[in-house]
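Here is the structure we will look at, set down as structure tokens.
Quick note: numbers below take in every heavy atom, side chains included, and nothing from hydrogens, waters or symmetry partners.
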Amino acid sequence: MKENIQLLREQAMKDVSEGLAGANLIPEETADNVDEVKKAIIQSIEWQMSFDRKIKALKSFQGYIWKSGFISGELETVVYNDVIEAMNKWKDFEIKIFIYSSGSVSAQKLLFGHSDKGNLLKYFSGYFDTTIGSKLEKDSYLNIAKHIGVEQKDIVFLSDNVKGKFNYRNALINIMI
């Protein structure tokens, strides 16, 4: 936890020095200011989440919390039945499925390893996060294609991100044909 707090503290210092409105410093912990530090951490996390920031400090902290929740059984991913049906069909056709998420690889494995349909990790051939690049950058997708050894034209990317320069509607139609 201390490493995650330090990452948040360093990010907060950077945000404050860049003059980002609403950013707050996280003080070093002493015996006298534990409550103040906790309050600053919560405020920093809530502020970052309000902007849906995809930064290491926030993702690392979230991953730590998620791990605890999934392992304890307090958290469980809900997966619709048609998703399982589709993944079974893709597996039957030997179509490889990869995940590319702004969440860390470890967070992806937690999400799909602890679902209401059981452990779904058997469906996936690999995982990518933003260490390969931003989801808004064309080069990230080229890097994934290179990494998995498949021509770009033979890959269908499906995404919830409408900001990208890719035509996801056509990709969805192509995969259904």
Side-chain angles (χ1 to χ4, degrees), residues 1-30 33-80 83-84 87 97-141 143-144 147-148 157-164 166 168:
M1 178 67 88
K2 289 183 181 190
E3 292 174 17
N4 293 314
I5 292 171
Q6 185 57 33
L7 286 173
L8 287 170
R9 185 176 285 119
E10 290 168 7
Q11 183 66 49
M13 284 190 278
K14 180 180 176 190
D15 294 341
V16 168
S17 72
E18 291 176 1
L20 297 178
N24 67 300
L25 293 174
I26 300 171
E28 294 290 334
E29 189 174 326
T30 66
N33 73 347
V34 173
D35 288 338
E36 177 187 350
V37 172
K38 285 180 184 178
K39 183 178 176 182
I41 290 169
I42 291 168
Q43 183 181 7
S44 179
I45 289 171
E46 288 175 345
W47 176 77
Q48 292 179 51
M49 288 173 55
S50 73
F51 292 102
D52 194 27
R53 295 183 86 187
K54 309 297 186 196
I55 56 172
K56 182 179 179 180
L58 180 60
K59 294 297 178 183
S60 177
F61 200 88
Q62 287 172 329
Y64 180 85
I65 293 168
W66 284 11
K67 183 177 181 179
S68 174
F70 279 115
I71 289 174
S72 73
E74 189 176 349
L75 294 177
E76 183 178 70
T77 305
V78 176
V79 178
Y80 295 113
V83 172
I84 302 299
M87 290 195 303
I97 305 170
F98 296 85
I99 298 175
Y100 175 33
S101 173
S102 58
S104 69
V105 169
S106 60
Q108 295 170 42
K109 289 180 178 180
L110 284 169
L111 284 167
F112 289 100
H114 298 86
S115 85
D116 62 341
K117 305 293 187 280
N119 185 337
L120 305 179
L121 297 179
K122 66 184 177 188
Y123 291 103
F124 301 102
S125 298
Y127 309 86
F128 298 93
D129 59 21
T130 53
T131 59
I132 201 146
S134 165
K135 289 174 73 176
L136 300 178
E137 303 282 329
K138 179 180 178 182
D139 285 346
S140 303
Y141 298 87
N143 290 337
I144 290 171
H147 187 80
I148 64 175
F157 285 101
L158 303 176
S159 177
D160 63 344
N161 187 336
V162 295
K163 295 179 185 175
F166 302 96
Y168 297 111

What I'd like to find out is whether the side chain of L75 reaches to under 4.5 Å of the side chain of H114, using heavy atoms alone.
no

Rounded to the nearest 0.5 Å, what's the gap from CZ on F98 to CZ on F124? Could you check?
11.5 Å

K135 versus S102, closest heavy-atom pair with distance:
CD-N, 3.8 Å

Mutual orientation of the aromatic rings belonging to Y100 and Y141 [parallel < 30°, tilted 30-60°, perpendicular > 60°]
perpendicular

For the residue pair Q43 and N24, what are the closest heavy atoms and their distance?
OE1-ND2, 3.4 Å

In this structure, are over 12 heavy atoms from other groups packed under 6.0 Å from D116 atom CG?
yes

Please check if atom NZ in K117 has more than 12 non-hydrogen atoms from other residues, nucleotides or ligands closer than 6.0 Å.
yes

Nearest heavy atoms of G63 and L110, plus distance in Å
O-CD1, 4.2 Å

What orientation do F51 and W47 show, parallel under 30°, tilted 30 to 60°, or perpendicular over 60°?
perpendicular

Name all residues meeting the ring pair (Phe, Tyr, Trp, His ring centres under 6.0 Å) criterion together with Y64; count only those two or more places apart in sequence or in a different chain, and write none if there are none.
none

Straight-line distance of I99 CD1 to K109 NZ, nearest 0.5 Å
10.0 Å

On a heavy-atom basis, the closest approach of F61 and L8 is CD1-CD1, 3.4 Å

S17 side chain to K14 backbone, donor-acceptor under 3.5 Å
yes

Might you work through the side-chain contact (heavy atoms from CB on, under 4.5 Å) test for R9 and I5, ending with a clear yes or no?
CA-CA 6 Å; R9 185 176 285 119; I5 292 171; 3.7 Å; yes

Give a yes-or-no answer on whether the side chains of E46 and S50 include a donor-acceptor pair shorter than 3.5 Å.
no

Correct closest heavy-atom pair for I55 and Q11 would be CD1-CG, 3.5 Å

Measure the spacing between CD of Q62 and CG of N4 and express it to the nearest 0.5 Å.
10.5 Å

Rounded distance (nearest 0.5 Å) linking atom CD of E137 with atom OG1 of T130
11.5 Å

Looking at M49, I want to see if its CE is surrounded by more than 12 non-hydrogen atoms of other residues, nucleotides or ligands under 6.0 Å.
no

Please say whether more than 12 non-hydrogen atoms of neighbouring residues, nucleotides or ligands are located less than 6.0 Å from CD in E18.
yes

Separation between CG (L58) and CD (Q48), nearest 0.5 Å, reads 5.0 Å

Identified side chain to side chain contact (heavy atoms under 4.5 Å, CB included) counterpart of Y123 within the set L120, N119, L121:
L120

To the nearest 0.5 Å, how far apart are CD in Q6 and CD in E28?
5.5 Å

What closest approach, in Å, do L111 and T77 show between heavy atoms, and which atom pair accounts for it?
O-OG1, 2.6 Å

